[in-house]
Each structure stands twice: as C-alpha cells, then as structure tokens.
Amino acid sequence: MPASPRFPGIEERILAYWAEDGTFQASIDNRDAGANGDNEFVFYDGPPFANGLPHYGHLLTGYVKDIVPRYQTMRGKRVERRFGWDTHGLPAELEAMRLNGIKTTDEILEMGIDRFNEACRASVLKYTGEWRDYVTRQARWVDFDNDYRTMNPTFMESVIWAFKSLYDKGLVYEGFRVLPYCWNDETPLSNHELRMDDDVYQQRQDPAVTVGYALDDLGTDPVLDGAHILIWTTTPWTLPSNLAVMVGSAIDYVVVEGPVPGTDRKARYLLAEARLSAYARELADADGEFTILGRYSGADLVGRTYTPPFSYYAGHENAFRVVAADDAVTTTDGTGVVHTAGAFGEVDKEVTDRENIEAVMPVGKDGRFTHPVDEYAGMLVFDANLHIIDDLKAATRAFAGRAASASERIETAGSVTPGTILLRRESYEHSYPHCWRCREPLIYKGVSSWFVEVTKFKDRMLELNEEISWTPDHIKHGQFGKWLENARDWSITRNRFWGSPVPVWKSDDPTYPRIDVYGSFEELERDFGRLPRDKDGNPDLHRPFVDELTRPNPDDPTGKSTMRRVADVLDVWFDSGSMSFAQNHVPFENADWFEHHFPADFIVEYIGQTRGWFYTLHILATSLFDRPAFQSCISHGIVLGSDGNKMSKSLRNYPDVSEVFDRDGADAMRWFLMSSPILRGGNLVVTEPGIRDSVRQVMIPLWNSWYFFQLYANAAGIDASWSTGSEDPLDRYVLAKTREYVASMTEAMDGYHIADACETTQRFLDVLTNWYIRRSRDRFWADDRAAFDTLYTVLETTCRVVAPLLPLTTEEVWRGLTGGRSVHLADWPSADELPEDHALVEAMDAVREACSATSALRKARQLRNRLPLSTLTVVGASIGGFESLVADEVNVKQVRLLDADSEEAATYGVAQKLTVNARAAGPRLGRDVQLAIKGSKSGDWSVAADGTVTSGGLALVEGEYTLETVAGAASDDVAVGMLPGGGFVVLDTVVTPELAAEGLARDLVRAVQQARKDAGLDVSDRISLTLGGSAGALAAAREHEQLIARETLATSYSLVDGGAVSPSATEVLLSDGEVASISLSRV
RNA sequence: GGGCCUAUAGCUCAGACGGUUAGAGCACCACACUGAUAAUGUGGGGGUCGGAGGUUCAAGUCCUCCUAGGCCCA
C-alpha cells in the first residue's frame, strides 16, 4: 500500500470491482421496499438533453443525485435510481437540420417528416454512450439499462393522457402567443436562441415614423375632438395592423397647434408634455414657442376613439381606442403614446387581450403581407416599410389632416385613411435581434398556441408549495414562490415536428366545427379504426404517423369534412414535467406503483429550473393530482469558469473534465463541488488548485490515517477489531468525539446540508490525524492493543459516514480495513454505538486552547519548542486529567492547575477590564454614551467601594458594562496568555543550564533522525552512533545519552571530543551557536 | 426597457435585533515542529465594507439616489 496514493488509479480499480461485483444492484436488492413501498426513498432524475458532452453543471447535479440516495440506502431505505433522457424539441431539430444541410420548414417537409424525425431520433442518442461513461466515472450509481426516454411510445401515451385530462378539466385552451420569429427559416425562436451568440443582437438602422391618428369628433371637447394623437414606431410595417394606442395614465399630455408637413394647413397634435421639446422642429414656431391648447392626463384620454391609419380593419370590434398601459409607456423616447398591433409584440398582445380586441395577422409564415393588406401583399415586411411611408406621406399631403369622402381616397396611395398625418420620418439605429442561423432580422409575430390555464389554479400551486422543503430555504418564498405568484398561462405547443403530438383533431370545415381530444392509443384505435404505426408497424405517436389518422367529421351531415390533427407538437417542458407518471406509463400501467411513488422524496437541479422543470412538475402535479410533485428540493447555484465568467468552450476558462478525473480523481472533484457554497445557492468558480485542495485537505488525511494504522498494525502483527471499551483517556476522547461527529453528520445529511457535512468531516479528520493519532503515536509504537482497536473503530465508522461524500476512497479504505464486500452495503452508524462523554470532549477543547496559547507565548519569547521549560500553570480552565498530555505537547516539565480565584492566581499580574455595553447604555445616556466608551478605553474609569462603576465621569448601572479579568503585565520570568474559553496560562520562562542542555540533546535527536532519513534507513533499523561537536553539544550528548540513544534506536553510542567525528561526518548547526558532528551506520 | 439578487482582505465568503478594534478559510511572508501525513502549530502583512447623500448618541447593517455585475422577463 502506497504512502502517497494515486487516487485516480485507485478509483479505476474500485469502479471495475463494483462493475464485476454488482455492488450497485446489491445495494438496492438488500433493502426491502416494505408494504406499499413504505421503506422506499423516492428519487426523480431530471432528464438531461444529451446533445453534447456533460459539463460541470451536470456533474455537480449528478454528485448530489448520488450522495443523497447513497445516504438513504445506508439508512436502510430502498432507493431506485432510474436515468432519464429528454429527447424531444428544437435543439434536436436544429441539429438534424444542420446535419442535413437544410434551413427551412419547407425543406423539412420536402425531406419528409418521417425521414427528418428519424434524423432527430438519431441525433439525440448520439452522446448517450459518452454520458454513461462520464456518469460512471464520477462514481454515480444510476440505472442506465432501465432508463426512460421521453420519445418512448409509453411515455408519450402518458403525456397525451395528461393533455386530455387537463382538457377535460377545462384547463387547456387555444390562443395566440407572440414569439421572436425568423421569416427566412420560417420558425419561431425560443428565448434561449436569442442568447445563443453574443452577436444575435446587432445594431440595425430602421425607419422610424411619427404618425398622427385623428381622434374622433365626439362633440365634447373642441380641443381634443379631431386632434391627432401622435405615435412613434420603428416598425412602420405594423401600422396597417394597428388596433389601439396606449398611454400612461399618470403621464401629462398636451395638445399643441402645429403645421401639417408639406401643406400650409395647421392641425392639433396630442403628445406627452415631456416629449414636446423633441418635436420642436415640427411643432414650435419661429421663436421656439409652442401653442399649447390644452392639457390632459393619460387617464383623461383613456376611452377616446380614433380613426386607424389604414382602413383594412375598419369596424374591428373594440379596436381603435386609447387604452392605459402604464408599464409599457415611457417618456424616454417617442411621443409618450405607443401604437399597438396586437399580434406583433408581447406587450401589445397582453394589452389587446385585456381589452378584448382580437388579434389580426396579415403576415404569412414567410414574413410577407397577405390579405387583407392587399396593397403590400407578397411584400416582405421590411421592404414594405418604405412603401407604407410613401403612402403615408402622400396621404398627408393630399388631405392635410382632413377627413375625406370615399371618392377622394381612391386617388390617394394605398389604403391610408384620410386624416392620418405623417409628422416625421427619421432613421433610427438600435440594437435588434437577428436569427443566429441565417443572420436575418427577426420579427415578433403572433402564432397560434395551446395553453394550460395556470392562472386558474395558481393559488393552489402556492398552497402546495408550502408542503415542499427547499434548499436553500429562501427559494420557497423567493425565487420559486414569487415566480408562482406571477405565473401566467403556459404555452405548451410548438409548430414543429419532433415531439409529442398535440392530441387534438379538428374539423377542416368551419361550417361543421368539431374538436376531438384523445388521451390514449385505445381511444385513437376506437375512433380511427387503427393505431398510428411507424414504418415497421410499431405503435408510434410521432409525426407523421399520428397525422395520418383522419376520419369523416361525424357532425357533418354532408360527409365532406374531415377530422384532422392540429399540426403542433407539445413543448418539451410538458414532457419533462410529466416524467413523474410518464416514466412508468401511468395511468395505463403501474397505477399502484404511482400511488406510492408520488410525490418524490427528493429532486435536485440548478436554480434556473425554478422556471423550468421544478415549475412544470409542479404545474402538472397540482392540476392533475392536486399534490406537490416532490417533498424536498435542492436548487444549487451556477458553476463558473476559473475567471469568474460563464464557462465557455472558446475561452477555455475551465479545467477539462476528463483531465481532472485522470489527474485528481472523481472523489476530489466531488468533494470540491460538494463542499462549496454552490449547494447553498451561491455560484462557484472552478479552478484546478481548488480541486487539488480537496485532495490535500480531506483525502490525504483520511488515507494517511489508514496508512498509519496499517503500517503499525502490520508491524505489530495486530488484527484489530471493533471495540469501544478502551479505558485510555485519549481513546475515550476520540470515541466520544466520533459519537458527536456521527450525530452531526446524521443531522446534516437528513437536512440535505451536504456542504455542512463536508465541513464537519474536514474538522473531524483534523482532530483525528493532528490530535488523536499524533498524540497517541507512542502507544502505537508500543503495540497498545486498545489504541489499535480504537483507531480501527474510529476509521471504520468514519468510512461509513463519509462513504456518500467520497464513495471511491472510502471503499478502498473500508475494504482494506475490514475485508468486507462494500462500505455502501453497510448500515449508517448510529451515534449510540459509541460512548457519550461530552465533558471529556470539552476538556480536550480546553487542552488544545491551553497548548495553543502556550505556543503563542513561546513564539513571543523566542523559546523554541524543543527547549524544555519547567512549569506551565493553567489558571481557571478545566483540562481534566490531561496535565501530562499538555506537558508533553508544549514541552514543559510540569503542568499545574489553579483556580481563578486562588491567591496565587492573583499574583500573575491579572487586571480588570471595563467594557461599556453600548446597546444597553446607549438608549439611557444618549450622546453621553460616547464619553463613557472613551473613558473605558483610555482607563478613565473606576469602581467605588460600594461597587459603583464610573467611566468618563458617568455612573453606569448594572448591565451597562462588563468587568472581566485579563492577563496583566508579565515579567521576565513568566509569560501570561489568555484562553479564549476563559482563564489563562502562565509559562515559566526561566531557562536553567539543565533545561538548555536537554534542549540541545533534543536538537541532537532531531539531527540524528534527519541523518538516518538522509542515509535511507528504515524506521526500525538499529544504528551505531558517534557524536562529536562543540563543547556544549558534547556535554548535552553526554548528559542525555539515554534519551538520545533511545529515540534514535542507537545500540552503540560513543562520543568523540575535539570537534568533527571524522571528515565524512555530518555537520549540523544546533541552537545557541552549538555545532554537532554526526556519524552513524546501520547495525 | 422591467423585476429580483449581489457588491466586505489578493481569492471565496461569514458578519441575528444598528452598538463602537469588521472575522474565517485559501494564498503570501517569518518562525516553530516533523520517522504516518506535499501534514501541522504560532505569528505577521493585507480592508476609505462599490460611490454619494440621509436617519441616529452610534451605520458594513436602516433609507434615497447612482455605478458595476449576475439571474429572470421583455
């Protein structure tokens, strides 16, 4: 067994052992599920989309997904772990398009949906092998053979069942949603795609126009009647679709008189007062003055009607009104009035929905105008801009702001409504989104979609959220709770190809409307007489097979119309939100299983999933089952690159995953990630030194404890066993300490506080190696059976407790220690297996404090540790029975204990210190409290005979101050140091000649040990030793012959006077200017 | 453009209710210690607590504005 192990090599060996031994399966089989699965711990694996290799974020989540189930298994639970794959959606389609060199939906149709979807299917499985390798290498136990895939027919059948259930509950409806849309590729884009590359947003010049719409003459207000309300837009092509104008109700508006461009007439214009100056060129007179005719607040204007700029939608219900949209309207640019075209903007859509104005869509999927916008039909919207502006200009000149008769308008350009005024035309440069694939500018466009009416059961979602425990806990009412409060209806369909079908069939003749929704293969077969089947004849709900199911419309007596499936597929988030039931084909199979495996006990993903998977799980669980989908949830932070920025392949700002596995190992990475603030919701910067620190701080100490044990147990031929019976105080201490360690680990793991568990472990290992083992070395050298048993017990217990956190390293150590099959098949230890002695643990803390304070005194007085001193007096601290341990540790001949109030204690120059409690005294004294504080610091304070305390001239009352004893001035002969836990230590600093000689003797021991090491001798080799050197060194060597011979295992010991022993002897500088000459040989 | 969060030592982060010398770990330097341990111990340097105002006897902490960064939504 190596002293300095190569952990990656050990890990590979353990992984191979597990594979051969079937340890993972055994860890599940060993645990009984119990009646109704009562003994099961239910874990849901959030399905990743495997369109690339796993990165740190996946690894991080994977480690947590491993640790919790390992822990629960050791606690006796049965924990099934089933891997899942997210397989549908746009990323797969984009990859398939890239591989086939196609760009548009037309090209997909040309290629054939069946071939295209085959390509998608192939692309999503491409990396599954690599994923399995990475996940296995990270020592995550999960069942890959029995995985679930969202594209499996059984999964998809459960998904359409969910859709139908929601439909039957009245929670699904059809509507419009506005999306960024690429007219060139003919596809909507997800928001994710808008952030795909940094150059998606590019500067672009667009024509911006300021247009006045004529307010209707209501005969109520001569200033407003017939005035032109000014709007500003950078998308003139949306003007034909204008449906309303929006104002801010708290914004101040004015009506000013100004000229009609290109004519000698005047008109009244309405705009925000704050924007007036921006239109001075058009509206001010020669002196820069405005003719203000009236003032209105936005609220005054709401409800006024106007004539739309184009006549295409004249008479549209509820349209062409001034409406309030306080969030959408600002006075930072434009006119303070915003034109809305309903389906061409998110906010527009929201406002028109609220106002019950039906959206219009005169733009086709190719981005070209369609009927009824006939003048521009066939024109790409961006190209139409110029024509629209020209027509507006012509109409402005022709009518000069007047309404006109029908006969006149025929001669004007296009369908611009007489009375509409183009006030200004400019060009405007702004940041504008472009398609990440074809680089063409995007438009926002309404597309038809189906929605889950989340707003209807939002309150219930909030109630059920109360039953979930979150880590970190602020997520519950913070990020997740707030998100739920503001939940909007969920758009669940996409006009794409590769996904679960929307199971809705509609009549193709609106004269005979009918809608059928299907929730199973059986229902489909019943109505269509057959199942959708792929080309091999297997039931398959994918397009195009499902689209092939058609039948005559039963509601059409003519028998001509046909029931056809709507072309859309479901959002992939509907798939992943369905995994709790769909992974086991519920409700078609395993209904009983589901009853006992829902909700999950535990899930974990990164914090962004509060809007993703956590959210969709919660929506579907609430709406379908009126239960939460999970009981505890860890949402961790984001992994950043070594420079603190987002990880980026091109920047190469993070260490390569496989290199880290090969160099430092999977356990090191696990520890690094798990011990970090990332599990408490913070972000984490991944650096190579950080990962190596994990090895140094935890893995090496654990390994070395075992190495030490093994080294000496083998040497002594001792076969140690599990025992808590030792009477030795240090053994009792470490056993009691281990008990407390086990208890805190249990608490931390039960509460999912994994980072706390790491910290607790690191502290414990420090105590074990740097205190217990170091202080007990003599006993191991002396073959003390109780010491070996104790160390065995502590190590074995520690391995079990650390097993989830370092599964590979602990496996190696535990198996080496016990010869057992696997630490992961063992039970989690109970604290009760170990003796309780909290007083002893506390006493040892006091011991360590005393030693630490004494070291500081030695340091301050420049008294090296090897130099023995006569006496250490510990005052007012309970180090119960460990005097000799302290004496040995700090190298003094004698340790004495004194009560703090003893007479002698008072002689060590102790003093009193006054501290003013500002919190208590502040409110009473007010400003004067500062004087009292100043007094306490400067020494201007006193305690009167009756006990009254005065500071800075102010009398303080009980509770406003504290008086404490502190170490006062020391002398040349003693040094005094305070203990943080109360009391102090007094170190006798007088160095007698005897002490100095012994110090030198110890220097000699050290020098000989080094010489032994340099000569390559084994620890147990006996030597023949000859010493020479300066007079002082020689005297010390003579006086302490026994000490030196014993410590250095010298069987022959001789001294040579007069300097060097021989020319080849080692010359070593000792303390106090003394020199030693050392010659040794193995005997 | 909107919402939420963050800003404290070179780095990563703690700093209940406002309370008077702002802490820890890592890194760095020095010394000590070292026959399991590339370990450990002791000490040291290093901070205008993002900026500017305000409230208060007292502000890292509360309020306002600003700046920078992150996340989400547009």
Side-chain angles (χ1 to χ4, degrees), chain A residues 3-4 178 180 191 194 327-330 332-333 345-347 350 431 433 444 474 478-479 482-483 486 488 606-608 610-612 637-638 640 642 644-646 675-678 680-685 687 689-690 692-693 695-697 700-712 759 762 766 769-771 773-774 777 780-781 848 851-860 862-867 889-891 915-934 936-937 977 1002 1005-1006 1008-1010 1012-1013 1017-1021 1047-1049:
Chain A
S4 309
V178 175
N191 283 317
L194 284 192
D327 293 341
V329 181
T330 68
T332 51
D333 52 18
E346 179 84 14
V347 177
E350 233 172 84
S431 164
Y444 281 82
H474 61 75
Q479 199 147 333
K482 287 227 172 78
W483 177 249
N486 298 318
R488 290 197 278 166
Y606 97 106
I607 189 154
T610 45
R611 268 91 162 167
I638 295 168
L640 303 173
S642 48
N645 292 317
K646 217 169 166 171
S675 60
S676 76
I678 200 161
R680 299 176 174 128
N683 294 341
L684 177 66
V685 175
T687 61
R692 278 195 284 272
D693 275 348
V695 180
R696 211 163 44 80
Q697 289 167 359
I700 298 261
L702 177 65
W703 185 269
N704 281 323
S705 304
W706 178 48
Y707 177 74
F708 175 87
F709 170 84
Q710 171 117 334
L711 187 66
Y712 288 100
E759 195 178 321
Q762 200 179 321
D766 180 58
T769 61
N770 293 321
W771 193 254
I773 294 181
R774 185 169 65 79
R777 271 191 293 222
F780 290 101
W781 292 335
R848 298 191 73 175
C851 293
S852 177
T854 307
S855 291
L857 294 178
R858 276 185 175 274
K859 164 87 187 161
Q862 297 191 318
L863 295 165
R864 70 188 196 281
N865 290 21
R866 230 179 270 133
L867 175 69
E889 177 71 12
V890 301
N891 195 17
T915 310
V916 176
N917 180 358
R919 191 191 298 276
R924 183 175 72 85
L925 296 174
R927 187 182 298 272
D928 289 343
V929 74
Q930 303 299 344
L931 294 175
I933 291 168
K934 227 173 255 174
S936 73
K937 285 181 184 166
R1002 289 186 177 239
V1005 170
R1006 169 73 196 125
V1008 173
Q1009 300 287 35
Q1010 190 59 47
R1012 282 180 56 115
K1013 220 174 190 175
L1017 297 193
D1018 188 78
V1019 186
S1020 54
D1021 285 339
E1047 293 289 324
T1048 61
L1049 302 182

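As the structure is a computational prediction, the values presented were derived from the model and not from experiment. Per chain, numbering begins at 1; letters A, B, ... match sequence-line order.
Remark: C1' of B:rG41 and CZ of A:R858 are 12 Å apart, rounded to the nearest angstrom. The CZ atom of A:R1012 sits 15 Å away from the P atom of B:rU34 (whole-angstrom rounding). Put simply, CG on A:L867 is 22 Å from P on B:rG41, counting in whole angstrom units. Following rounding to the nearest Å, A:Q762 (CD) and B:rC26 (P) show an atom-to-atom distance of 8 Å. In this structure, the CG atom of A:N917 is 9 Å from the P atom of B:rU20, given to the nearest Å. Between the CD atom of A:Q697 and the P atom of B:rA24 there is a distance of 17 Å, rounded to whole Å. Per the geometry, CG belonging to A:L863 stands 12 Å off C1' belonging to B:rA32, to the nearest Å. Rounded to whole Å, the distance from CD on A:Q1010 to C1' on B:rG35 is 10 Å.
When distances run from any side-chain atom of A:A856 to the nucleotides B:rA36, B:rU40, B:rU42, the shortest one goes to B:rU42. Of the candidates B:rU34, B:rU37, B:rA36, B:rU37 carries the atom nearest the A:I700 side chain, counting heavy atoms from C-beta on. Residue A:Y606 has its side chain nearest to B:rC72 when only B:rC72, B:rA36, B:rG35 are considered. Nearest to the side-chain atoms of A:V929 among the listed nucleotides B:rC57, B:rG35, B:rU40 stands B:rC57. Listed nucleotides B:rU42, B:rA32, B:rU20 differ in distance to A:K859; the shortest reach to its side chain belongs to B:rU42.
For A:R864, the side chain to side chain donor-acceptor pair (under 3.5 Å) partners two or more places apart in sequence, or in a different chain, are A:D1003, A:S1071. Applying the side-chain contact (heavy atoms from CB on, under 4.5 Å) rule to A:N891 yields the partners A:R858, A:P868, A:R1002; only residues at least two apart in sequence or on another chain are considered. By the ring-ring contact (aromatic ring centres under 6.0 Å, His included) test, A:Y606 is found to be paired with no residue, residues two or more places apart in sequence or in another chain being considered. For A:D1021, the side chain to side chain donor-acceptor pair (under 3.5 Å) partners at least two apart in sequence or on another chain are A:R1082. For A:L857, the side-chain contact (heavy atoms from CB on, under 4.5 Å) partners are A:A975, A:V985, A:L987, not counting sequence neighbours.
A donor-acceptor contact shorter than 3.5 Å links the side chain of A:S705 to the backbone of A:P701.
When all heavy atoms of A:I773 and A:T769 are compared, the closest pair comes out as CB-O, 3.8 Å. What you find for A:L1049 and A:R1012 is that their closest heavy atoms are CB-NH1, 3.7 Å. Closest heavy-atom contact between A:C851 and A:W771: SG-CH2, 4.2 Å.
Close to B:rA36, at under 4.0 Å from its OP1 or OP2, lies a side-chain N or O of A:Y712. For A:R864, no side-chain nitrogen or oxygen approaches OP1 or OP2 of B:rU42 to under 4.0 Å. Between A:R774 and B:rA39 there is no side-chain polar atom (N or O) within less than 4.0 angstrom of OP1 or OP2.
As rounded to the nearest Å, B:rU6 and B:rC49 have C1' atoms that lie 14 Å from one another. B:rG45 and B:rG10 have their P atoms separated by 14 Å, with the value rounded to a whole Å. Going from the P atom of B:rU61 to that of B:rC29 covers 35 Å, rounded to whole Å. For B:rU21 and B:rC26, the P atoms lie 27 Å apart once the distance is rounded to whole Å. Nucleotides B:rG51 and B:rA59 are separated by 16 Å at their C1' atoms, to the nearest Å. A gap of 10 Å separates the C1' atoms of B:rA52 and B:rU67, to the nearest Å. Between B:rG60 and B:rA14, the two C1' atoms lie 12 Å apart (nearest whole Å). B:rA30 sits 42 Å from B:rA68 when the P atoms are compared, rounded to a whole Å.
Contacts of A:R866 with the nucleic acid, taken as non-hydrogen atoms under 4.0 Å apart, involve only primed sugar atoms and P, OP1 or OP2. The residue A:S852 sits close only to the backbone: its heavy atoms come under 4.0 Å of sugar-phosphate atoms, none of a base. When heavy atoms are screened at a 4.0 angstrom cut-off, A:D928 is found touching no nucleic acid atom at all. Among the protein residues, A:L1017 comes within range of the nucleic acid bases, having at least one heavy atom under 4.0 Å from a base atom. No contact: A:F780 has no heavy atom under 4.0 Å from any strand. No engagement by A:W771 is indicated, since no non-hydrogen atom pair under 4.0 Å with the nucleic acid exists.
Along RNA chain B, the nucleotide nearest A:V916 and the nucleotide nearest A:Q1009 are compared for position; the residue whose nucleotide lies closer to the 5' end is A:V916. Each of A:S855 and A:T769 lies near RNA chain B, and the nucleotide nearest A:T769 is the one positioned closer to the 5' end.
Residues A:R777 and A:F708 have side chains in contact (heavy-atom distance under 4.5 Å, counting atoms from C-beta outward).
Taking syn as a glycosidic angle within 90° of 0, B:rC13 does not qualify and is anti.
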Pairing pattern in dot-bracket form [Watson-Crick, G-U; both distances under 3.5 Å; | = partner strand] for RNA chain B | (((((((..((((.....[...)))).(((((.......))))).....(((((..]....)))))))))))).
